[in-house]
Amino acid sequence: MRGRDYTARCREIGQVLSAAEKNFSAPAKCGGGAPAFIKPAPTAVPASCLSSPGNCVMRNTLGIAGQSIMKKGVHLLMESVITRFPPSPTGFLHIGGARTALFNWLFARHHGGKFILRIEDTDVVRSTDEAIKAILDAMEWLELTWDEGPFFQTQRLEIYREYLQKLLATGHAYYCECTPADLEERRQAALAAGRKPKYDGRCRDRELGPGPNRVIRFRCPQVGTTVLNDLIKGPILFDNAELDDLVLQRSDGVPTYNFAVVIDDITMEITHVIRGDDHVPNTPRQILIYQALEVPLPHFAHVPMILGRDRAKLSKRHGATSVMAYQEMGYLPEALVNYLVRLGWSHGDQEIFSREELIEHYSLENVGTSPAVFDPEKFLWLNAHYLRARRPESLVPLVRPFLAARKYPDKPADYLAKAIPTLQPRTHTLVEMADAMKFYLVSEITCDPAAAKKHLSPAMIEPFTKLIHSLEKLDGFDEAALEHAFQEVAAAFSLKLGKIAQPVRVALTGQTVSPGIFEIVNVLGKETVLERLRRGLDYMRGH
RNA sequence: GUCCCCAUCGUCUAGCCCGGUCCAGGACACCGGCCUUUCACGCCGGCAACACCGGUUCAAAUCCGGUUGGGGACGCCA
């Protein structure tokens with residue numbers, strides 16, 4: 001579950017930290033005066049890692065912040081949890097994003113904390129209003145309710161500028177006039193020479209001021225080690241020499257993602273950053289920004305990705321990845337939630353979870369470390385499960401749009417509510433249910449010719465005639481009465497019930513596969529049943 | 001190329017921290033059977049995995065080292 005070198009990393013981290021402490025007392029100079037030492041923020045590493053490396057495998061989801069508060073003697077004041085989900089509105093909400101949102105939501109709800117929705121729209125070119133709406137719709141469909149927001153980064157530019165000034169003033173940031181074309185050229189050259197394609201620091205010490213087409217870069221320490229103490233993966237060490245001076249503000253004055261997230265997470269007082277592990281490489285850079293700003297770190301928890309069948313990052317070519325596409329395919333939100341939560345998280349052998357159970361049991365400790373393959377088969381099974389679990393009446397408004405799309409005649413809700421239970425055990429999605437419902441709704445059924453030929457043979461003329469007679473005499477269509485009538489006919493012709501049921505099924509539904517005969521008769525009602533049986537008779541007689 | 005992460009049935013996973021209770025448990029899918037008016041549902045049973053190599057140990061899926069494989073990141077995207 002945890003990486004094999006986990007303990008080794010814990011041990012290493014102990015060394016790194018003691019080295020960092022030494023540096024702390026005698027800060028070295030680096031570049032343009034930025035501190036070169038690593039100053040682990042109080043929340044960066046659990047105390048257990050420092051004191052006894054062997055113990056640091058104990059993951060504590062609340063992290064050390066809670067503990068340090070306790071140490072100060074404020075026993076009742078536990079750190080309250082604030083999480084966030086920050087999609088960028090460049091497309092619909094996809095499966096992976098939904099799981100991230102769900103994990104954040106669950107974590108916040110479990111701890112009685114807050115869940116914030118933030119729209120990361122700093123990429124003004126690619127962000128669209130449609131995407132924002134699509135994301136909000138999907139969040140609502142999944143009932144991932146947020147307590148604050150949605151906030152928009154483009155409306156917070158003043159805040160970013162303020163922090164940027166601080167970094168500039170303390171020498172942690174500088175202006176750079178390298179053009180994208182130049183940068184690209186140098187990147188390619190570095191790649192060709194087998195070096196890491198990082199920024200070469202050309203403008204680092206030029207002490208440029210503001211100017212047109214200039215960006216602001218972060219002055220990244222080039223010595224030392226940055227520690228990411230991940231709540232899921234454990235400690236991860238990064239050599240600062242691997243990092244480069246990332247752009248904080250574009251030449252058009254809009255901040256970049258890596259800077260905006262940090263500032264937002266600081267100002268929104270986010271305590272736990274739970275996100276996909278494709279963000280791991282960004283994290284040391286972000287940590288360095290926190291440290292330059294001298295603010296405490298939030299806890300980081302990086303959850304493994306969701307992969308497609310071929311074990312590559314899940315994408316469109318693996319099929320539908322949009323949350324709302326699944327709604328259109330007739331999936332239930334509770335099924336998606338349950339499926340998604342089990343991708344990377346578990347609670348013993350339990351497969352089915354109600355919302356309440358999820359909130360009760362969810363914890364970061366039970367999030368796995370290896371990536372998970374999205375399995376449409378299991379998702380379908382779960383959906384079928386939840387379809388069966390629903391009260392039929394609650395399904396009426398959900399199937400209706402699918403019925404309408406098929407242009408089936410509209411029927412009253414109570415009629416649909418009677419038909420639905422007969423289909424619940426036999427269908428996996430609302431789409432299948434709508435399709436299967438056809439014969440309950442149309443006035444004229446379409447009959448499968450092969451089925452008609454096989455089952456509506458002249459031999460059935462007499463049994464059908466007798467059946468019609470006895471059904472005509474029946475007052476109520478309760479199951480017992482129906483069964484009695486059918487058994488009587490069967491007995492009269494010394495046929496097994498199946499011999500008569502199958503032709504009746506074909507006459508009533510046009511198919512050889514359907515819900516139980518008595519169920520169908522009960523839903524359809526006397527009039528329709530008799531009419532269809534008579535039509536069956538007509539067919540047998542060669543009409 | 002460089003850095004980082006990951007590794008139990010085909011898939012999702014339990015077990016791994018605290019070695020023996022694991023010739024590895026559950027679920028999906030698949031295959032049988034039962035139930036039965038068709039098809040389902042349900043129930044019962046079956047198939048199927050500790051990536052590899054070393055080390056530590058009386059004992060390793062579990063601890064350590066390495067190898068291989070897979071994935072991710074290296075943007076004035078997020």
Side-chain angles (χ1 to χ4, degrees), chain A residues 1-8 54-59 86-88 90 120-123 125-127 176 178-180 183-184 187 190-199 213 215-217 228 230 233 236-239 242-244 246-252 254 256-258 260-261 276-282 284 302 304-305 307 309 311-313 339 342-352 368-382 384 388 423-427 486 490 496-502 504-506 509 511-518:
Chain A
M1 163 168 219
R2 208 169 284 116
R4 274 167 200 268
D5 53 349
Y6 187 90
T7 323
N55 280 343
C56 73
V57 282
M58 287 187 50
R59 288 202 232 145
S88 72
T90 52
E120 311 227 317
D121 55 352
T122 53
D123 186 348
V125 179
R126 289 196 291 169
S127 297
C176 165
C178 297
T179 66
L183 257 17
E184 187 51 32
R187 246 195 299 276
L191 224 35
R195 294 195 314 273
K196 194 173 175 112
K198 55 181 243 181
Y199 177 61
N213 293 322
V215 300
I216 298 176
R217 284 184 186 274
L228 159 59
D230 196 272
K233 293 176 186 291
I236 303 175
L237 271 35
F238 297 89
D239 194 340
E242 292 293 332
L243 276 20
D244 67 355
L246 69 156
V247 173
L248 301 177
Q249 187 183 79
R250 299 177 174 86
S251 51
D252 63 0
V254 180
T256 58
Y257 160 77
N258 272 301
V261 239
D277 73 4
D278 48 341
H279 282 284
V280 167
N282 282 327
H302 288 95
M305 311 251 74
L307 311 178
R309 269 243 154 258
R311 305 207 76 94
K313 197 169 168 177
Y339 181 68
R342 285 286 289 105
L343 237 39
W345 176 83
S346 60
H347 179 69
D349 286 338
Q350 191 169 346
E351 295 284 351
I352 308 291
T369 50
S370 51
V373 173
F374 184 83
D375 179 11
E377 291 282 341
K378 188 160 184 180
F379 181 23
L380 192 63
W381 166 77
L382 256 179
R388 268 178 263 129
L423 266 11
Q424 276 174 306
R426 293 163 228 273
T427 50
F486 273 77
K496 283 168 92 175
L497 189 56
K499 286 289 173 197
I500 178 141
Q502 204 58 353
V504 169
R505 185 186 317 280
V506 173
T509 69
Q511 309 149 4
T512 52
V513 169
S514 81
I517 289 294
F518 305 143

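In what follows, chains carry the letters A, B, and so on, assigned in the order in which the sequence lines appear, proteins first and then strands, with residues in each chain numbered from 1.
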Just to be sure I understand the rule, does [X] reach a base, reach only the sugar-phosphate, or reach nothing, if contact means heavy atoms closer than 4.0 Å?
| X | value |
| --- | --- |
| Ser346(A) | sugar-phosphate |
| Asp252(A) | nothing |
| Pro515(A) | base |
| Leu343(A) | sugar-phosphate |
| Glu351(A) | base |
| Phe518(A) | base |
| Thr427(A) | nothing |
| Val215(A) | base |
| Arg388(A) | sugar-phosphate |
| Cys178(A) | base |
| Gly344(A) | sugar-phosphate |

| field | For atom CG of Asp349(A) and atom P of U13(B), their distance in whole Å | value | 13 Å
| query | Can you tell me how far P of C5(B) sits from CG of Leu228(A), to the nearest Å? | reply | 9 Å
| Do the side chains of Leu228(A) and Val280(A) get nearer than 4.5 Å, heavy atoms only? | yes
| Is any side-chain heavy atom of Thr122(A) closer than 4.5 Å to a side-chain heavy atom of Thr256(A)? | no
| More than 12 foreign heavy atoms under 6.0 Å from NZ of Lys198(A): is that the case here? | yes
| Hey, is the side chain of Gln350(A) pairing donor to acceptor with the base of G26(B) inside 3.5 Å? | no
Within the sub-3.5 Å range, which N or O atoms of nucleotides 69-72 of chain B have a protein N or O partner, and how far apart are they?
residue : atom : partner   : partner atom : Å
G72(B)  : OP1  : Lys313(A) : N            : 3.4

| Arg505(A) side chain to Pro515(A) main-chain N or O, any donor-acceptor pair under 3.5 Å? | yes
| field | Sequence-distant partners of Asp278(A), salt bridge (charged side-chain N to carboxylate O under 4.0 Å, His left out), two or more places apart | value | Lys313(A)
| query | How would you list, by chain and number, every residue that makes a salt bridge (charged side-chain N to carboxylate O under 4.0 Å, His left out) with Glu120(A), sequence neighbours excluded? | reply | Arg118(A)
| field | Atom C1', compared across C30(B) and G10(B): separation rounded to whole Å | value | 10 Å
| field | Interatomic distance at P, A51(B) relative to C4(B), whole Å | value | 23 Å
